[in-house]
Amino acid sequence: MYTNMKKFILILVSILFCSSLFAEDIPLSKKDAGAGGYGMGNDKELVVGVSASIEDGVLTVATDVATHGVVVSIYDSSCVVVYTSVSEIEGKTHEFVVGEQPSGDYILEVEIGDTLASGEFTID
């Protein structure tokens, strides 16, 4: 009985830790939302804490407070928009099905009110 319980706990812990290992965290830095898009922003105080990760074609944006009107845009290495969407659902977590993108380097922009954050990530 003890051995079975030990195996069960080991499997459960492995699943919990492995599920977060596969998602790629996207480090975000703050930009000025009024400057008009990728590469044109100035540093600005980040009003809403925001983080992002991507796994299996699903982009997850998490905020430290419940928000709505979260706008995400993904640019390819040529600065061409390959995905854009708005989440109007109020919550701390927003998921966007971005689908399978070709391998390459990408830039993510997340806009929440006056807060604009961007970060780079790679799809292998």
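Note that the numbering runs from 1 along the sequence shown for the chain.
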Listed partners of [X] passing side chain to side chain contact (heavy atoms under 4.5 Å, CB included), at least two apart:
{"X": "S78", "value": "D76, V80"}
{"X": "E100", "value": "none"}
{"X": "S51", "value": "A62"}

Minimal non-hydrogen separation, [X] against [Y], with atom names:
{"X": "E90", "Y": "H68", "answer": "OE1-ND1, 3.7 Å"}
{"X": "T84", "Y": "S73", "answer": "OG1-OG, 3.2 Å"}
{"X": "G91", "Y": "T63", "answer": "O-OG1, 3.9 Å"}

Could you list the cluster mates of V71? Members are the ILVMFWY residues connected by side-chain heavy atoms closer than 4.5 Å, either directly or through other members.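 Its cluster partners, ordered by chain and number, are V86.
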Restricting to pairs with a member in residues 78-117, which pass ring pair (Phe, Tyr, Trp, His ring centres under 6.0 Å), not counting sequence neighbours?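 Residue pairs passing ring pair (Phe, Tyr, Trp, His ring centres under 6.0 Å), neighbours aside: Y106-F121.
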Distance from E120 atom CD to L28 atom CG, nearest 0.5 Å?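 Interatomic distance, E120 CD to L28 CG, rounded to 0.5 Å: 11.0 Å.
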What distance separates E95 CD from I54 CD1, expressed to the nearest 0.5 Å?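 One gets 11.5 Å once the value is rounded to the nearest 0.5 Å.
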When clusters are formed by joining ILVMFWY residues with side-chain heavy atoms under 4.5 Å apart, either directly or through shared neighbours, do I123 and V97 land in the same one?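 No; tracing contacts between hydrophobic side chains, which count when under 4.5 Å, never links both residues.
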Listed by chain and number, what are the side chain to side chain donor-acceptor pair (under 3.5 Å) partners of S85, not counting sequence neighbours?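 Partners of S85 under the side chain to side chain donor-acceptor pair (under 3.5 Å) test: none.
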So do E109 and L116 actually touch side chain to side chain, heavy atoms under 4.5 Å?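 Counting from C-beta outward, L116 and E109 do come under 4.5 Å.
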Side chains of I26 and L59: does their closest heavy-atom pair fall under 4.5 Å?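 SC-SC contact between I26 and L59 confirmed.
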Exercise: do T122 and D105 side chains pair donor with acceptor under 3.5 Å: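 Distance-only check passes for T122 and D105.
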